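For this chain, numbers begin at 1 and follow the sequence in order. These numbers were taken from a predicted model, which means no experiment stands behind them.
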Amino acid sequence: SQAKEDMRIQVTSSGHVTVDGVAVGRSALEDNILLRVAKNQDVRIGIYSTPGVSVQQLITVMDMVYAAGGRHVQVDRMEYG
């Protein structure tokens with residue numbers, strides 16, 4: 001069975017981002033990622049995008065994860081937002 005992610009990031013086409021269901025701004029997102037990865041480098045992070053999200057929006061979030069040292073990232077699309 002597939003392990004559930006430890007941290008769920010959702011990106012919407014309007015640019016809004018939520019972490020585990022809580023809306024966050026860019027700096028709070030970065031802080032959240034840094035804290036989680038600092039606690040556990042093997043943290044599993046799921047990045048979900050709704051229709052209309054640009055590749056650049058996803059890359060920006062993925063870059064934050066990788067810059068923080070995160071390694072286990074899964075990117076998936078959601079059909080609703």
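- Linking Ile, Leu, Val, Met, Phe, Trp and Tyr whenever their side-chain heavy atoms come within less than 4.5 Å leaves Met78 and Met7 in two separate clusters.
- Sorted by first and then second residue, the pairs that involve residues 29-42 and meet salt bridge (charged side-chain N to carboxylate O under 4.0 Å, His left out), not counting sequence neighbours, are Asp20-Arg36, Asp42-Arg71.
- Nearest heavy-atom pair across Ile33 and Ala68 is CG2-CB, 3.7 Å.
- At a threshold of 4.5 Å between side-chain heavy atoms, the hydrophobic network of Ile, Leu, Val, Met, Phe, Trp and Tyr places Leu34 and Val65 in two separate groups.
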Walk me through it: do Thr60 and Met64 pass the test side chain to side chain contact (heavy atoms under 4.5 Å, CB included)? CA-CA 6 Å; Thr60 299; Met64 286 183 193; 4.3 Å; yes

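- Among pairs with a residue in residues 47-68, none fulfils salt bridge (charged side-chain N to carboxylate O under 4.0 Å, His left out), at least two apart in sequence or across chains.
- Val24 has its side chain within reach of Asn32: a pair of non-hydrogen atoms, C-beta onward, lies under 4.5 Å apart.
- Put simply, the side chain of Thr18 does not reach to within 4.5 Å of the side chain of Ile9, judged on heavy atoms.
- Put simply, CD1 on Ile45 and CD on Glu5 are 10.0 Å apart, with the number rounded to the nearest 0.5 Å.
- A cation-pi arrangement is found for Arg8 relative to Tyr48, the charged atom lying closer than 6.0 Å to the ring centre and inside a 45° cone about the ring normal.
- Checking side-chain atoms of Thr12 against main-chain N and O of His16 turns up a donor-acceptor pair under 3.5 Å.
- Considering only heavy atoms from C-beta on, Thr50 comes within 4.5 Å of Gln10 through its side chain.
- Among all heavy-atom pairs drawn from Ser49 and Leu58, the shortest one is CB-CD2, 3.8 Å.
- Between the side chain of Asp6 and the backbone N or O of Arg44, at least one donor-acceptor pair lies under 3.5 Å.
- Put simply, Leu35 and Tyr66 are part of two different groups of oily side chains (I, L, V, M, F, W, Y) that touch within less than 4.5 Å, one to the next.
- The same ILVMFWY cluster, assembled from side-chain heavy atoms under 4.5 Å apart, contains both Val75 and Val17.
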